[in-house]
Amino acid sequence: MKMRECERFCIAELGCSSGPNALLGTENIIKVLRAKYLAAGIPVPQFQVFFNDLPSTDFNSLFRTLPPSVMSDGNFPARSYFAAGVPGSFYGRLFPDKSIQFFHSSYSLHWLSQVPPEILEKNSVTWNKGKIWAGGSPAVGEAYLRQYQKDFKAFLKVRAAEMVEGGRMFLLLTGRTSRDPSDQGFIAFGWETVESSLKDLASQGLIEEETLDSFNMPMFCPCPEEVSSEVAREGSFEIQRLELLRRSDTFTEEEMDAMTGSASAKKAFGKKLAKQLRAAMESLLKYHFGEEVMDALFQRCGETMGKRLSERIEYGTKGGLLVTVLERK
């Protein structure tokens, strides 16, 4: 990214949620930008950061974690940027024309604007009966791909209008290696577990089968080729980096010990994974299935993950983190 002299440098965090990770990412970005300005001998501008997410996000919780002042009074650390919240879907317009120099989004763009409508059409080839994600069938996978293409095209179009010439986007999302859209790679391990656990609850009468049939994850993990084709089709950006970092290459020692260890080690780690899954997904699942079944659901998830934990090694070769850097033409 070519550094240009300016009074204000605007950064947008898209899909920031309400946790502290968004602030950590912002601070790292500004640290790098500040170093680049100093190295280029250009005066460091003031930084303005816009934190974006859906209106239901608890922005108050996010902003309570901010250092209290841009200018330090000696008692608190100085914040290196001005902050503002921008509620709304990142699939639509959020900012004025040519007002943002840098967009950043982590673990958000694999969320679709909606579940593909055709997978809820009963008795159709795309009906995802008894399934909850894109892996239900080849036809369902293609329906998810079409929704992803529609959403990502809209995303690129509005960002192109909002970004200055030469501006950059840094996007991190969950991706896959296979070009088959019904093969969702590493993330499938988690969705298969949730799906089988929900089926167990339905077989025991704890949830209605019709309720299960009407639920689908609004999530799609693209492969690099699907990202590059949409970028080329929209035409406003050049790809500076597009790389899939396989999850199997980043397994920690703790993970490997559990996945190759004893049955008790697998069981314990399965419970840990279920807690992580619950933290990420409970609000969505609770809204559809009800709070009263959440304990039973994630207990089953933990048990199933523990039993299948060694399979996670192979799943890790099929997907991971998709790193995408785009520059505005």
Side-chain angles (χ1 to χ4, degrees), residues 1-53 59 62-63 65-72 76-86 90 94-96 98-110 155-156 158-160 162-175 224 227-228 231 236-247 249-250 252 320-329:
M1 181 177 185
K2 185 176 181 180
M3 311 313 292
R4 296 181 173 90
E5 186 170 349
C6 60
E7 292 185 359
R8 182 178 65 172
F9 192 104
C10 292
I11 301 167
E13 281 278 354
L14 303 177
C16 65
S17 190
S18 57
N21 288 341
L23 304 184
L24 179 61
T26 295
E27 290 165 1
N28 289 334
I29 290 168
I30 291 176
K31 187 182 297 184
V32 171
L33 289 171
R34 183 182 295 274
K36 285 183 174 292
Y37 271 104
L38 292 173
I42 301 174
V44 178
Q46 292 183 322
F47 292 101
Q48 169 75 64
V49 180
F50 298 101
F51 293 94
N52 155 259
D53 213 326
F59 285 96
L62 175 67
F63 291 139
T65 63
L66 283 172
S69 176
V70 175
M71 302 302 294
S72 176
F76 299 98
R79 179 163 24 105
S80 59
Y81 55 90
F82 295 89
V86 181
F90 51 55
L94 296 168
F95 305 101
K98 300 179 180 180
S99 60
I100 304 296
Q101 283 100 328
F102 194 94
F103 282 105
H104 175 246
S105 179
S106 291
Y107 298 103
S108 295
L109 269 173
H110 44 243
F155 175 86
L156 292 173
V158 294
R159 299 293 84 80
E162 296 166 348
M163 181 174 279
V164 301
E165 181 182 345
R168 288 219 175 174
M169 275 202 292
F170 185 74
L171 311 174
L172 299 176
L173 64 155
T174 306
V227 172
S228 61
V231 172
S236 299
F237 297 92
E238 290 184 355
I239 296 174
Q240 301 298 313
R241 181 184 178 188
L242 181 58
E243 181 181 5
L244 182 67
L245 306 178
R246 295 175 191 250
R247 186 65 177 84
D249 295 333
T250 59
T252 64
L321 185 63
L322 188 55
V323 182
T324 307
V325 179
L326 306 178
E327 182 170 284
R328 181 69 168 92
K329 293 179 180 178

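Just so you know, residue 1 is the first one in the sequence shown, and it goes up from there.
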If you count every heavy atom of other residues, nucleotides or ligands that lies below 6.0 Å from Gln46 atom CD, does the total exceed 12?
no
Arg247: which residues meet the salt bridge (charged side-chain N to carboxylate O under 4.0 Å, His left out) condition with it, sequence neighbours left out?
Glu255
Any side-chain heavy-atom pair of Val227 and Leu171 under 4.5 Å:
no
Rounded to the nearest 0.5 Å, what separates atom CD1 in Ile11 from atom CD1 in Ile30?
4.5 Å
By side chain to side chain contact (heavy atoms under 4.5 Å, CB included), which residues pair with Leu38, not counting sequence neighbours?
Arg34, Val44
ring-ring contact (aromatic ring centres under 6.0 Å, His included) partners of Tyr37, counting only residues at least two apart:
none
Tell me, please, which residues at least two apart from Ser236 pass side chain to side chain donor-acceptor pair (under 3.5 Å).
Glu234
Would you check if Val164 and Arg4 make a side-chain contact, meaning some heavy-atom pair closer than 4.5 Å?
no
Checking Phe50 now: which residues fulfil ring-ring contact (aromatic ring centres under 6.0 Å, His included) with it, not counting sequence neighbours?
Phe95
Could you pull out all residues at least two apart from Phe102 that satisfy ring-ring contact (aromatic ring centres under 6.0 Å, His included)?
none
Write down the atom of Ala83, the atom of Phe63, and the distance for their closest heavy-atom approach.
CB-CE2, 4.4 Å
Restricting to side chain to side chain contact (heavy atoms under 4.5 Å, CB included), what partner residues turn up for Arg8, sequence neighbours left out?
Cys10, Gln48
Sequence-distant partners of Glu327, salt bridge (charged side-chain N to carboxylate O under 4.0 Å, His left out), two or more places apart
Arg168
Contacts of type side chain to side chain contact (heavy atoms under 4.5 Å, CB included), residue Lys36, not counting sequence neighbours
Met3, Val32
For Lys329, does the NZ atom have more than 12 heavy-atom neighbours from other residues, nucleotides or ligands under 6.0 Å away?
yes
Side-chain contact, heavy-atom cut-off 4.5 Å: Phe51 with Val49?
yes
Reported CZ-to-CZ distance for the pair Phe103 and Arg328, which is rounded to 0.5 angstrom:
10.5 Å
Quick one: pull up CG in Leu109 and CZ in Phe155 and give me the separation to the nearest 0.5 Å.
4.5 Å
Kindly give the heavy-atom pair with the smallest separation between Leu322 and Pro224, and that separation in Å.
CD1-CG, 3.8 Å
Calculate, to the nearest 0.5 Å, the distance between atoms CG and CG belonging to Leu62 and Asp53 respectively.
9.0 Å
Between atom OG1 of Thr324 and atom CZ of Phe237, what is the distance when rounded to the nearest 0.5 Å?
12.0 Å
Please list all pairs passing the side chain to side chain donor-acceptor pair (under 3.5 Å) test where one or both residues lie in residues 101-110, with sequence neighbours left out.
Glu13-His104, His104-Ser106, His110-Thr174
Flag side-chain contact, heavy atom, 4.5 Å: Val323 against Leu245:
yes
From CG (Asp249) to CG (Leu321), nearest 0.5 Å:
12.0 Å
Write out all pairs satisfying ring pair (Phe, Tyr, Trp, His ring centres under 6.0 Å) with one or both partners inside residues 1-34, taking only residues at least two apart or from two chains.
Phe9-Phe47
When you compare the side chain of Leu326 with that of Leu156, does any pair of heavy atoms fall below 4.5 Å?
yes
Among all residues two or more places apart in sequence or in another chain, which pass the salt bridge (charged side-chain N to carboxylate O under 4.0 Å, His left out) test with Glu243?
Arg241
Residue pair Ile239 / Val325, side-chain heavy-atom distance below 4.5 Å:
no
